[in-house]
Trainee: 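This structure is in structure tokens; I'll ask about it shortly.
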Amino acid sequence: MEWAFRSDLPIYTQLAEKLTQAILSGAYPAGARLPAVRDLAAEAGVNPNTMQRAMTELEQQGLIYSQRTSGRFVTEDTAVIDGARRRLAKAQARAFWSGMARLGYDRQKALALLTEQDQTDEEVM
Amino acid sequence: MALLECKQLTKRYGSVTALDSVDLTVEPGRIVGLLGPNGSGKSTLIKIANGLLVPTSGTLTIGGSKPGTETKRIVSYLPERTYLSTWMNVVQLLDFFCDFYPDFDRNTAEHMLTALDISPKLRIKQMSKGTREKVQLILVMSRKAKLFLLDEPIGGVDPATRDYIIRTIISNYNEEASVVISTHLIADVESVLDDVIFINKGRVVLQSSVDEIRSEKNCSVDELFREVFRYAV
């Protein structure tokens, strides 16, 4: 996993985001056991307390749960994972529309561009 | 109880005031960055904590006691300059630390030396500046101490070694121990810090958690430091 941090957000927020993406991409599939906080912290080059805080965020969202003796696991409830996927996808979409608006594209023109791009991509392939 | 506590700590060298009424505490389980420009008083503070200097006024305590033989049992100190005899080789250094500190974990040290490709037969005088720094830090971090005081631990080493050292610091301290790192290489240590203390001209100008700085000021500690300590051109 690539661990690089932006300067304008707390590190734990960015860690939580990275871990969520790892779950969504299947790097940590449903039901999988997560590495220990300390090992993950060392890998990412961050403070263990910060990694702990990121884990707590994911626990609150129900994406992971901890079992007292055996560690932390990704939820087996795929609906929760799909919910997180949808939430992030919506955020991506919002960012796209506002980026296009800044370039002077209204929804219709932006949509047209998207469709056009899909077609040219297919042609290339 | 706070591991390290300063109350109105003041140190003067003749007419020069190095520390001016410093109040601060370091709680157990924290990694704290002591950050300030050159000559701000960082090393003076760390030297007082190790009993190498005595305060002009005010107090500094470690686990409630003044620096002395008892506190040295629980404090592992990396000075800014090497104090080790340069004729010693790595094995002799390991013996030396085993003799001196009951909490020294030889296996941990040997493991790290191997990881960094440092030969046990190498004498300090044969080592480059960077290798000397690595060896010293390995020795210091291999103690099971309560408080680690690291004065400029990453100044002279390359970025890859810097990463290794930072990971070493993370994986070697335990939850009841605290680490104080004095440095001006903020961007390199920022992601491992819980808290930062900005010190300038002997005064504490800011004490905050890294998360607080990032979420309230929307900038990194490195950026904030540049802003706080900006010189007029």
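Both backbone and side-chain heavy atoms feed into the values below; hydrogens, waters and symmetry mates do not. To find a chain, count down the sequence lines: A is the first, B the second, and so on, and within it residues start at 1.
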Trainee: If I measure from the heavy atoms of chain B, does A:Arg53 come under 4.5 Å with its side chain, its backbone, both, or neither?
Mentor: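 Side chain of A:Arg53 only, per the 4.5 Å heavy-atom cut-off to chain B.
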Trainee: More than 12 heavy atoms of other residues, nucleotides or ligands under 6.0 Å from CZ of B:Arg203: is that the case?
Mentor: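 Check fails, neighbour count at 12 or below.
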Trainee: Based on non-hydrogen pairs under 4.5 Å, which of A:Ile11, A:Thr13, A:Asn47 is most in contact with chain B?
Mentor: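 Top count of heavy-atom pairs under 4.5 Å with chain B: A:Asn47.
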Trainee: Select one option (side chain, backbone, both, neither) describing which atoms of A:Gln52 are under 4.5 Å from chain B's heavy atoms.
Mentor: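 It is neither, since no heavy atom gets under 4.5 Å.
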Trainee: With only heavy atoms counted, which part of B:Ile213 is less than 4.5 Å from chain A, the side chain, the backbone, both or neither?
Mentor: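 Neither part; nothing is under 4.5 Å.
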Trainee: Verify the neighbour count for atom OH of A:Tyr65: are there more than 12 heavy atoms of other residues, nucleotides or ligands below 6.0 Å?
Mentor: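 Yes, OH of A:Tyr65 has more than 12 neighbouring heavy atoms, counting only those of other groups under 6.0 Å.
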Trainee: Between the main-chain N or O of A:Thr50 and the side-chain N or O of B:Asp211, is there a donor-acceptor pair closer than 3.5 Å?
Mentor: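 Checked: no pair found.
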Trainee: Any chance you could measure A:Glu43, atom CD, to B:Ile170, atom CD1, to the nearest 0.5 Å?
Mentor: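 The CD atom of A:Glu43 sits 11.0 Å away from the CD1 atom of B:Ile170.
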Trainee: So which heavy atom on B:Glu223 is nearest to which on A:Ser7, and how close?
Mentor: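 Closest heavy-atom pair between B:Glu223 and A:Ser7: OE2-OG, 3.2 Å.
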Trainee: Does A:Lys109, at its NZ atom, have more than 12 non-hydrogen atoms belonging to other residues, nucleotides or ligands within less than 6.0 Å?
Mentor: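 Count over threshold, so yes.
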Trainee: So, for B:Arg214 and A:Leu9, which heavy atoms are closest and what is the spacing to 0.1 Å?
Mentor: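 Taking every non-hydrogen atom into account, NH1-O, 2.7 Å.
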Trainee: Heavy-atom count check: over 12 atoms from other residues, nucleotides or ligands less than 6.0 Å from A:Phe73 CZ?
Mentor: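 Enclosed.
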Trainee: Is there a donor-acceptor pair closer than 3.5 Å between any side-chain N or O of B:Ser191 and the backbone N or O of A:Gly45?
Mentor: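 It does hold such a pair.
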Trainee: Above 12 or not: heavy atoms from other molecules or residues under 6.0 Å from CZ of B:Arg106?
Mentor: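 Counting neighbours around CZ of B:Arg106, more than 12 heavy atoms of other residues, nucleotides or ligands fall under 6.0 Å, so yes.
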